[in-house]
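Working notes for the structure below.
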Amino acid sequence: MSALEPAALAQPLASDGPPTLTKQARAQNGHRPARTEPAAVRIALTLIALAFLGLFIGLPLLLVFVEAFKRGAAAYVAALSDPDALAAIRLTLLVAAISVTANVIFGLVASWAIAKFEFAGKSLLITLIDLPFSVSPVVAGLIYVLLFGSQGLLAAPLQAWDIKIIFALPGIVLATIFVTFPFVARELIPLMQEQGTAEEEAAISLGASGLSTFFRVTLPNVKWALLYGVLLCNARAMGEFGAVSVVSGHVRGLTNTMPLHIEILYNEYQFGASFAVASLLALLALVTLIAKTVLESRLAEEEPR
Amino acid sequence: MATATASRLTFRKPSVIPGFGLTFGLTLTWLCLIVLLPLSALFLKTSELSFDRLLVIMSNARTLHALQISFGLSLAAAAINLVFGGLVVWVLVRYDFPFKRVVDAIIDIPFALPTAVAGIALTTLYAENGWIGSLLAPLGIQVSFTPLGILVALVFIGLPFVVRTVQPVLADLDAELEDAAASLGATRGQTIWRVVLPSIWPALLTGFAMAFARAVGEYGSVIFIAGNLPGVSEIAPLLIVIRLEEFRYADATAIASVMLLASFVLLFIINRLQHWAESRGGRER
Amino acid sequence: MSARFPFSRLAAAATLALSLAAAPALAAEVTLLNVSYDPTREFYVEFNKAFAAKLATDNPGTTLTVRQSHGGSGKQARSVIDGLEADVVTLALAYDIDAIAARGLLAADWQKRLPDNAAPYTSTIVFLVRKGNPKGIKDWNDLIKPGIKVVTPNPKTSGGARWNYLAAWGYALKHNGGDEAKAKAFVAALFKNAPVLDTGARGSTVTFVERGIGDVLIAWENEAYLSINELGPDKFDIITPSLSILAEPPVAVVDKVVDKHGTRKVAEDYLKYLYSPEGQEIAAKHYYRPRDPAIAAKYKDKFAPVELFTIDQVFGGWAKAQKTHFSDGGVFDQIYSN
């Protein structure tokens with residue numbers, strides 16, 4: 001009875017963790033009558049699932065693009081080449097780049113400590129890493145204001161050194177790192193836990209250094225989970241609204257990120273322009289997500305194991 | 001993976017792999033700087049309130065109602081995602097249909113789309129003159145600006161969490177077990193109920209809890225569609241914002257702290273649950 | 001470069017340096033941050049251009065960049081309190097600037113430093129209804145009739161909504177012989193007719209105009225005109241009630257910030273220019289009622305005549321109104337707790 005397989009250990013399909021199972025299951029898919037449902041049931045279930053997805057995800061997505069192009073392609077281009085829009089796009093890309101880098105480094109370091117060693121209080125540590133995920137974005141912004149605002153706990157030293165954190169780039173970056181904090185780590189930890197320590201132990205006992213073990217053994221094993229984490233983290237970093245809204249100050253052309261710019265345009269009754277910028281973000285997300293799926297399946301086919 | 005009981009007595013089980021001190025230290029430091037220190041500011045601010053004042057704030061009818069809306073609707077949304085998310089996973093993993101990869105990819109859209117955009121798009125769709133709202137209006141169903149609208153937004157943002165947690169587990173499920181069950185004469189329904197469901201149950205539960213945790217704090221997508229009537233469709237995060245705009249920081253942080261504690265307890269339970277599932281699975285293997 | 005007149009050279013350099021120090025704000029490039037509330041965006045875009053042009057002609061070589069930040073008035077005030085370095089604030093109500101002053105960022109008597117309570121332009125509260133006014137809404141008492149759906153933002157988060165609320169209260173008070181209990185019942189009935197409370201004035205306009213919710217939108221006069229112009233003159237009518245409130249959106253220089261940036265002179269000139277005929281004209285163009293009698297006369301046809309009362313007359317000032325009506329457990333909370 002392996003009713004409780006390490007089931008919660010989420011991992012992407014393409015990982016070559018416990019080998020063969022995935023591909024075997026896939027190869028057998030639909031070939032054995034005992035393992036599937038009658039065709040009518042299959043079709044019905046597929047249609048229900050697709051209808052649900054269409055209603056909740058497809059339609060909102062479609063609406064964004066329809067509204068974006070409602071006023072024509074020229075208006076679309078004009079909305080995106082507006083200097084304030086360009087400034088917002090630049091700022092968003094910069095913030096996302098910094099936050100993703102920080103979270104990749106943290107994710108790798110943290111998952112090494114958590115997955116490769118057994119120690120007391122591990123559940124607590126994982127919970128703390130997960131915590132930002134369930135903190136309301138509003139609260140995420142608020143805590144940095146409480147800390148770095150001019151009424152905040154660190155107001156005096158910051159003013160003495162004339163360091164600006166909130167209503168400037170550092171504050172926006174910090175809030176973004178906070179809300180995307182768990183995403184890389186939580187992709188890596190379960191996979192690395194499942195892969196165990198045997199390969200690393202073997203490498204070490206053959207005389208490899210810790211660092212080269214990490215780069216030669218561990219990293220290749222988790223690269224797809226890492227990529228997946230990076231994509232999620234990046235998408236979330238570019239799209240974060242609530243937390244950034246609290247610490248940004250909304251100064252046009254200076255501290256407005258794309259989501260904030262979208263809100264501003266919407267509030268200026270420039271619905272077309274607002275949806276145009278929104279569609280750009282949605283498009284970016286779509287392309288990365290499809291690229292990810294394609295990459296994954298390529299990898300699954302390439303690997304003979 | 002078997003954990004000897006003795007190892008629990010020491011802080012760390014010995015290992016030949018190097019780098020524990022360094023990585024553990026870095027993890028803790030970074031965690032403290034980015035997460036724990038800022039969050040402690042929240043509790044510090046809340047502690048400015050006397051206990052009596054805290055009680056008054058938390059027992060205020062409006063606060064209670066906002067918390068009730070946030071937690072109640074999040075629970076409902078997570079339950080809907082548990083059922084339909086589970087179905088979506090089943091279809092994605094077990095069946096083939098055209099454009100499956102595209103469908104698989106767009107599951108993450110709610111996660112990647114800025115919440116404000118999601119809110120604006122959903123409100124436009126479900127308003128009485130929207131694509132869906134205009135179909136529902138003759139039936140007397142109003143979605144936008146009612147608690148039902150909040151539910152729609154919360155289902156939207158929670159879906160990827162259920163799907164992405166369950167999907168890999170179902171994909172990796174040992175096919176031999178189902179074959180064995182079938183060859184022993186189990187019907188398809190029995191196999192799914194007795195073999196498949198118990199295996200993916202922990203993942204489903206984790207996804208459910210994640211969708212719930214995410215929904216409780218959601219702000220951007222909800223405020224557009226909610227209507228924001230106090231006591232009817234006002235969510236707890238909005239009440240925090242309202243308190244802030246009244247320059248009542250301590251009140252805002254009090255509500256925030258309570259929500260934060262609830263999330264922490266919830267997440268801790270999820271992680272214990274996973275740990276328990278892992279160790280049981282490990283021992284029996 | 002001979003050393004023939006070293007002292008005179010030095011003196012010249014010193015004079016130059018001194019003159020620069022005396023007017024550091026007017027040297028070459030100046031940036032101002034104007035933190036404002038939602039409905040002023042379009043107005044300040046035009047005003048900033050006009051002021052920058054004037055500054056460039058008066059002080060050749062000077063280029064001015066005015067950065068804008070817009071949002072709900074309360075939220076903007078909070079940002080300034082928390083460290084957003086605004087050289088000037090132009091908010092929806094005096095209470096929000098008072099809150100900034102209470103944190104020591106500007107002098108408590110800021111409202112005395114400029115004419116007309118530091119409010120260079122005024123507005124009032126009017127109704128936006130669907131074309132042809134199908135529900136026959138003429139005045140405040142039509143809004144509490146059963147079946148009328150009223151759209152207004154939440155007074156707790158929106159400055160504009162507080163003006164809406166107070167205007168309704170003032171009307172009810174006058175028509176009930178000053179009976180506070182009846183005024184409260186009137187306002188309660190009005191909010192009972194509100195199906196949505198958006199967090200900001202712009203959100204409410206979108207709800208009414210784009211979503212088609214409600215029979216009447218209670219709005220700033222300038223917002224009502226703007227939304228008609230932007231979103232469809234053929235779809236809406238503006239109804240001016242018999243009595244409304246004189247809304248005075250105030251402006252102020254933030255002392256602490258301009259002293260730190262060395263921008264006091266430009267910031268003060270910027271606000272004074274709001275009172276100039278040019279500034280008043282731009283304000284009138286954007287449907288703010290000008291203070292200048294000459295400009296007001298010129299744009300007389302643009303604004304419907306309406307009997308106006310001030311917040312000081314009926315409520316004894318912002319601090320008192322805020323405390324009685326919008327504080328925790330105040331009248332607004334009582335309306336919603338029943």
Side-chain angles (χ1 to χ4, degrees), chain A residues 3-8 10-11 13 21-22 25 28 34-35 37 42 45-46 49 52 56-57 59-61 63-64 106 109-110 112-113 116-120 123 126-127 130 132 134 136-139 143-144 146-147 153 177 200-201 204 210 235 239 241-242 259 263 278 282 285 289-290 293, chain B residues 11-13 15-20 23-24 26-27 30 38 41-42 45 84 87-88 91 95 97 101 104-106 108-109 112 114-117 121-122 125 156 165 168-169 171-172 175 178 182 198-199 202-203 206 213 217 219-220 237 240 256 263 267-268 271-272 274-275 277-278 280-281:
Chain A
L4 284 166
E5 274 265 334
Q11 50 162 315
L13 289 176
L21 280 189
T22 311
Q28 289 170 349
R35 290 202 57 238
E37 294 74 41
R42 285 207 308 260
L45 288 181
T46 309
F52 179 77
F56 276 92
I57 297 181
L59 274 181
L61 195 60
L63 181 105
V64 169
F106 171 78
V109 168
W112 180 269
K116 299 297 173 192
F117 302 95
E118 284 298 323
F119 55 90
S123 286
I126 296 178
T127 305
D130 279 348
S134 67
S136 177
V138 174
V139 177
I143 54 176
Y144 287 104
L146 290 176
L147 207 56
L153 295 172
I177 291 181
E200 282 83 1
E201 278 164 8
I204 300 281
F241 170 75
E263 191 210 14
L289 294 177
I290 290 176
T293 323
Chain B
F11 171 63
R12 175 170 77 90
K13 199 177 148 191
S15 161
V16 297
I17 300 175
F20 178 74
T23 54
F24 187 74
L26 278 177
T27 304
W30 190 235
L42 191 67
K45 192 82 191 175
F84 284 93
L87 177 68
V88 167
V91 168
Y95 304 155
F97 53 89
R101 269 179 206 164
D104 191 16
I106 66 161
D108 284 321
I109 281 292
T115 49
V117 175
L122 288 172
L125 274 180
F156 176 82
T165 317
V169 178
D172 268 0
E178 284 174 66
S199 304
T206 307
Y219 175 73
I240 295 176
S263 326
L267 281 174
F268 193 69
N271 282 326
R272 291 305 307 178
Q274 284 197 355
H275 198 73
E278 275 164 44
R280 237 190 99 176

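Legend: residues meeting ring-ring contact (aromatic ring centres under 6.0 Å, His included) with A:Phe52, ordered by chain and number and at least two apart, are A:Phe56, B:Phe84. With sequence neighbours excluded, the residues that form a ring-ring contact (aromatic ring centres under 6.0 Å, His included) with B:Phe24 are A:Phe119, B:Phe11, B:Phe20.
When all heavy atoms of B:Ile106 and A:Ile57 are compared, the closest pair comes out as O-CG2, 3.5 Å. What you find for A:Pro60 and B:Phe156 is that their closest heavy atoms are CG-CE1, 4.2 Å. The two residues A:Thr46 and B:Tyr95 come nearest to each other via the heavy atoms OG1-CD1, 3.3 Å. Across all non-hydrogen atoms, the minimal contact from B:Pro18 to A:Phe117 is O-CZ, 3.5 Å. In terms of heavy-atom proximity, B:Ala41 sits nearest to A:Leu147 at CB-CD1, 3.9 Å. Taking all atoms of both residues into account, the shortest heavy-atom contact from A:Ala282 to B:Ile109 is O-CD1, 4.4 Å.
For the set A:Ile177, A:Leu153, A:Val109, A:Val139, the count of heavy-atom pairs under 4.5 angstrom toward chain B peaks at A:Val109. Annotation: maximal heavy-atom pairing with chain B below 4.5 Å, among A:Ala110, A:Ala235, A:Ala278, A:Ser134, occurs at A:Ser134.
Only the side chain of A:Leu61 comes within less than 4.5 Å of a heavy atom of chain B; its backbone N, CA, C and O stay farther away. Both the backbone and the side chain of A:Ile126 come within less than 4.5 Å of a heavy atom of chain B.
Put simply, CG on B:Leu42 and OH on A:Tyr144 are 12.0 Å apart, with the number rounded to the nearest 0.5 Å. Taking CG of A:Leu59 as the start and CG of B:Leu125 as the end, the distance is 5.5 Å to the nearest 0.5 Å.
Using a 4.5 Å heavy-atom cutoff, the side chains of B:Val117 and A:Phe241 are not in contact.
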